[in-house]
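Quick note on labels: first sequence line is chain A, next is B, and so on, each numbered from 1. Quick caveat, the model's predicted, so the values are computed rather than measured.
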Amino acid sequence: MAYWLMKSEPSSYSWADLIRDGGTMWDGVRNNAARLHLRAMKAGDEALFYQSMEDRSVVGIMRITGTGEPDGPDGSWVKVPVEPVRPLAKPVTLAAIKAEPKLAKMELIRQSRLSVAPVREEEWKLVLEMGK
DNA sequence: GCCAACGTTGGC
DNA sequence: GCCAACGTTGGC
């Protein structure tokens, strides 16, 4: 079981939208590194939901409910089905993540433009702890 | 095959 | 609104 972080601009699709829908197909990702990660996902993996731009916070936890499917006009991109697990009691801001030395190696920090990134188990646990 | 130009993302 | 980082495109 693997851990991930997936970004969305709340003005485009927010945590509230995900709760309202009860789950969604995470599609529209057009970046090769992100595609490789989407392809590596398996049902049961969990992902942090990060709201970029105006929020800049991790706000909840999602579960991957299936494997990647073809996306885009020629089917060469990848989409995965996700469902919400639970919100964090308090959002973990980007500023808080940057202020924590143990999280300095997170892909979120290292490559800020990557919209789908792996999360190490230690990082996962720490972010959840910070969100209590 | 290199690299400049351009477009997009996303933090500040 | 600005700009850095990164990806892509296209001329040569």
Pairwise side-chain contact, A/M41 with A/M6, heavy-atom cut-off 4.5 Å (strictly under): yes
For a 4.5 angstrom cut-off between non-hydrogen side-chain atoms, does A/S57 reach A/Q51? no
Find the distance [X]:[atom1] to [N]:[atom2] and express it as a whole number of Å.
X      : N      : atom1 : atom2 : value
A/E54  : B/dT9  : CD    : C1'   : 13 Å
A/R35  : C/dT8  : CZ    : P     : 9 Å
A/R113 : C/dC3  : CZ    : C1'   : 12 Å
A/M6   : B/dG10 : CE    : P     : 13 Å
A/M53  : C/dC3  : CE    : C1'   : 13 Å
A/R30  : C/dT9  : CZ    : C1'   : 18 Å
A/L5   : B/dG10 : CG    : C1'   : 14 Å
A/N32  : B/dT8  : CG    : C1'   : 16 Å

So, A/D71 and A/R30, do they make that salt bridge, N to O below 4.0 Å? yes
Is any NZ, NE, NH1 or NH2 atom of the basic residue among A/K125 and A/E122 found under 4.0 Å from an Asp or Glu carboxylate oxygen of the other? no
Report yes if at least one side-chain N or O of [X] is closer than 4.0 Å to OP1 or OP2 of [N]; otherwise report no.
X      : N     : value
A/Q111 : C/dA4 : no
A/K7   : B/dT9 : no
A/Y50  : B/dT9 : no

Name the nucleic acid region contacted by A/L114, choosing base, sugar-phosphate or nothing; use a 4.0 angstrom heavy-atom cut-off, strictly under. nothing
